[in-house]
Amino acid sequence: SKCFNSDVDRPMCLKSRCDSKNWKLIFSVDGNDFICNYDGELISIDASLNIECPKLSAACPDLFCPANCSGNGICDYTGDFPICRCFDNGDNSEGCYGNFHKIAAKINWQDAVSASRKLHKLD
């Protein structure tokens, strides 16, 4: 289930599922299915209740490529799950992040301050 914004006092948690064939989010209220066609769509359940459709990429992340391929590739939707096809054939990262997303080694804070002071000739 997912929680949806509504025009009542608080969000409503409703049974929902992602439709990978039609790229839609489907949710149920009192046994009736409703389809979200686009982000932010207001669906009228009855005269006293409207449900706001969430952003599809947040509700159904498996329908999208990681980080939208970071602008460094295209999303291939032909398989069971979308995958990035990176422009750089050497980039094997999940979201075409490239090699620059490596975590820097830990350094001692005092060593960093000392190096900075030396660089700026403060010592």
Side-chain angles (χ1 to χ4, degrees):
S1 83
K2 299 194 183 317
C3 294
F4 293 76
N5 288 328
S6 67
D7 55 3
V8 295
D9 292 338
R10 58 191 166 90
M12 298 178 66
C13 294
L14 304 169
K15 184 178 177 184
S16 62
R17 68 183 186 278
C18 299
D19 178 354
S20 60
K21 183 177 179 184
N22 297 304
W23 293 83
K24 307 284 183 193
L25 175 65
I26 301 168
F27 65 92
S28 298
V29 177
D30 295 330
N32 296 310
D33 285 348
F34 297 88
I35 299 171
C36 289
N37 293 298
Y38 56 88
D39 297 349
E41 178 182 14
L42 283 178
I43 297 182
S44 180
I45 305 304
D46 58 35
S48 63
L49 178 62
N50 291 304
I51 302 289
E52 180 184 355
C53 292
K55 189 172 183 177
L56 187 60
S57 61
C60 301
D62 289 341
L63 298 181
F64 295 86
C65 280
N68 288 324
C69 303
S70 305
N72 297 315
I74 58 169
C75 194
D76 180 354
Y77 297 99
T78 60
D80 290 335
F81 295 98
I83 59 169
C84 290
R85 301 284 183 210
C86 303
F87 298 137
D88 176 359
N89 292 333
D91 185 350
N92 296 319
S93 63
E94 181 179 73
C96 298
Y97 306 121
N99 296 326
F100 60 88
H101 273 66
K102 295 190 182 202
I103 297 174
K106 286 185 178 182
I107 60 170
N108 181 304
W109 181 82
Q110 286 142 340
D111 291 344
V113 170
S114 176
S116 178
R117 291 182 63 79
K118 286 179 185 173
L119 178 69
H120 297 288
K121 298 180 176 144
L122 298 173
D123 281 338

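Predicted, not measured: the structure shown is a model, and the values here were computed from it.
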Looking at Cys75 and Cys69, is the distance between their SG atoms under 2.5 Å? no
Looking at residues at least two apart in the chain, or sitting in another chain, which of them share a side chain to side chain donor-acceptor pair (under 3.5 Å) with Ser93? Asp91
Quick check for you: to the nearest 0.5 Å, what is the distance between Asp62 atom CG and Ser57 atom OG? 12.0 Å
With the side chain counted from C-beta on, respond yes when Asn72 and Asp88 share a heavy-atom pair under 4.5 Å apart, and no when they do not. no
If only atom types and distance count, is the side chain of Asn5 paired as donor or acceptor with the main-chain N or O of Pro11 below 3.5 Å? no
List the atom pairs, donor and acceptor, that lie under 3.5 Å between side-chain atoms in residues 30-40 and the rest of the protein, sequence neighbours left out.
unit_1: Asp33; atom_1: OD1; unit_2: Ser28; atom_2: OG; d: 2.6
unit_1: Asp39; atom_1: OD1; unit_2: Leu56; atom_2: N; d: 2.8

Applying side-chain contact (heavy atoms from CB on, under 4.5 Å) to Pro66 and not counting sequence neighbours gives Cys84, Glu94, Tyr97
Quick check: is Met12 connected to Ile45 through a chain of hydrophobic side chains (ILVMFWY, heavy atoms under 4.5 Å apart)? yes
Are Ile26 and Phe4 grouped together when hydrophobic residues (ILVMFWY) are joined by side-chain heavy atoms under 4.5 angstrom apart? no
Apart from Phe87 itself, what residues make up its hydrophobic cluster when side-chain heavy atoms of I, L, V, M, F, W and Y under 4.5 Å apart count as a link, directly or indirectly? Ile74
When you measure from the side chain of Lys2 to the backbone of Ala59, do you find a donor-acceptor pair of N or O atoms at a distance under 3.5 Å? yes
I need the Arg17 CZ to Lys24 NZ distance, nearest 0.5 Å. 14.0 Å
Check: Asp76/Thr78 side-chain N/O donor and acceptor closer than 3.5 Å: yes
Gap between atom OG of Ser6 and atom CG of Leu42 - 0.5 Å precision: 10.5 Å
Pairs of donor and acceptor atoms involving the side chains of residues 46-55, under 3.5 Å and at least two apart or interchain, shall be tabulated with distances.
unit_1: Asp46; atom_1: OD1; unit_2: Ser48; atom_2: N; d: 2.8
unit_1: Asp46; atom_1: OD1; unit_2: Ser48; atom_2: OG; d: 3.0
unit_1: Asp46; atom_1: OD1; unit_2: Leu49; atom_2: N; d: 3.0
unit_1: Asn50; atom_1: ND2; unit_2: Asp7; atom_2: OD2; d: 2.9

Is a side-chain N or O of Asn68 found less than 3.5 angstrom from the main chain of Ser70, in a donor-acceptor match? no
Quick one: list whatever passes salt bridge (Lys or Arg N to Asp or Glu O under 4.0 Å) with Asp19, sequence neighbours left out. none
Applying the side-chain contact (heavy atoms from CB on, under 4.5 Å) test to Leu63, which of Trp23, Tyr77, Phe81 qualifies? Trp23
